[in-house]
Amino acid sequence: MATSKTGCEGCTDITCSSSKLILEQDIAKNVTTAYDRVKARGMAACLFGSQGTCCKNCNMGPCQIIDGVEDMIGVCGATADTVAARNFARTVAAGAASHGDHAREMVKGFIETAKGNTPHEIKDVEKLHSLAKIFDVETEGRDKNDIALELGEKALAEFGSQDDNGLTMLKRATPKRQEIWKKLGIEPRGVDREVVEMMHRTHMGVDQEYKNIMLQASRCALSDGWGSSMLSTELTDIMFGTPVPRRSIVDLGVLKPDEVNVTVHGHEPLLAESLCIAAQDPEMLALAKKQGAKGINLVGVCCTGNEILMRRGIPVASGFVQQEIVLATGAVEAMVGDVQCVMQSVTEVAKNFHTDIITTNYRAKMPGAVHIQFEEHAALESAKEILTKAIMNYKKRGKFFIPEESKVDVVVGFSFETINYVLGGRFRASFRPLNDNIINGRIRGVAAIVGCDNFKMPDDSHEVIVRELLKNNILVLASGCAATSLGKAGLVNPEAAKYCGDSLREVCETVGMPPVLHVGSCVDNSRLLIALTQMVLQGGLGDDITDLPAIGTAPLWMSEKAVAIGQYFVASGAQVVFQDLQTSGAKEFNKYLLGDMMDTYGAHWNVAKDPKEIARVMIAAIESKRDALGINKKAERVLFDMNMRRDLSDGKGLEDVGCHGPA
Ligand code: NFS
């Protein structure tokens, strides 16, 4: 057995067993991964950068600021608080821009689909009608494609909107939250506009008051959560089907020794869905057979993987940190990417094998990759061209190693609508049982664990956090690479109920659901906003998200998108915990983020340095919300009878947030 360059000797960073197995193989001996680069760089990151006090927004510097040291402010006089707030806000803007640009492509694809110009169709008509209602699109007596076209055009207009009345879907929030946003003057006006204004306000010599900068950061983040991401999720559901529970598998063992393995990496499901259709095409299958393969095995990497996992049950090979290691198996004919989270290093890893890295989007090219432009108007033709390239590589495959034991069962597909009917039944779909179980204490609260994986904490960090939460009877909703990592840990299936405290286990076993509900990709975190809002509107748990015993974390955040998500959760009233933030060099601003923001939004950021500590913060936050609601008092732990349920159900209900049963 050889020692790969990454090797595992003395390596404390890789705890993932499938990664270790691959990197121990001879075929991987020349492979260099991010784990190597982390080690080579050492742990000492630039102090100014990591604390948020390096300013390069103009060319008088770059200025490195030390808070409290008179000579160490910016040449222009900018203080540590201003600089750190500007940097933080620009991170939010970059994250929101990424979701916005992704969403725009999905909306354009939706319009083309409505016009009949793609191989896709409008699948979820019930959801189409429900969203049409929110957007004031007439549905009576109209063909689904007509409705979809008008809805798509109205959705597209949200990107360039200059309308001070705010984005359409803000009205899905609780009345109290809408009031808060209005009072603060932070209702987003247009998806693109908020990013532009954020970039302008953080230009040299514009907004220099950190609280004011953060108002726009919130507006920009809200234009993501309640704007672009929500649009993307909803229209993607309408086009490709709203996820329903289905079984699948995750981890590197999903690769197949005798089939053409194609990994789909990136984010926009238009490409992935088209590849799924093309991979079933008899012409493609015949070509694969001609090359000696038994078939074509599409598997997911990162969030595009989560998209097709949720809607088609296509297996996911890996999340973000394992993307190089998937290739180090030597068993991948092509890695096909579109946008976001594709490491530049994959082309270097691929050089050791017969693998092609295929870029497909004019916005995201890579040196060393083959570029085949994915054309929306000729989606199937593009997908076939891409697959042909992969198939023709099959015969070139050399030695390879697939860890066949490394595959874990998952049950996924917990869209908001699914949670609704899984808990309430198909004909009485409702969040009422969830609220009741929280009120009676069987479920202590709800935790969202979202976002990336990263090399800063051990690979099993998500698992460590979630096991603590489950033991403490906290229901977990997961998305993105966090959900993949939890799937690999065996926590995303109903059998994992055994890891829960007694009362949560009882609930999960009764309903037959996993204690960790996979809600989808990172864009699908918008489902969480709707779920939290629905919990409030069902009654009994306060009158805004801020009152709920609920908290979110992106413990291994890597991408700027995660910061945008964190900020839209905070601005929507939900607490979040991250492992670190690049703000600690600015005392006042940091204090504002980690506490004082509460006065403005009813929520703030938290930082906790390791998985156990993150879990402790989450549990404590949930228990303190329970105390505030008065549901921790023994006498108040009652089961609700029908009359009480009816009372609580008064007021806004499911229809008002545009929710319905599964497709
Ligand atoms: Ni989210 Fe997805 Fe993964 Fe992080 Fe990247 S794939 S959109 S950013 S790393 S979860």
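Order of listing sets the numbers, starting from 1, for every ligand and every atom in it. Given the structure is predicted, the values throughout are model-derived calculations rather than measurements.
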Any donor-acceptor N or O pair under 3.5 Å, side chains [X], [Y]:
X	Y	result
Gln575	Trp605	no
Ser415	Thr242	no
Asn297	Asn261	yes
Lys488	Gln322	yes

Note on atom 1 (Ni) of ligand 1: protein N/O/S atoms within less than 2.8 Å are Cys522 SG

With side chain to side chain contact (heavy atoms under 4.5 Å, CB included) as the test, pick out the partner of Leu469 among Val476, Val516, Ile614, Ile449. Val476

Pick out which of Arg311, Arg312, Glu417 makes a side chain to side chain contact (heavy atoms under 4.5 Å, CB included) with Pro243.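 So the option named by the test is Arg311.
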
Proximal atoms of ligand 1 relative to Met558 (non-hydrogen, under 4.0 Å): 9 (S)

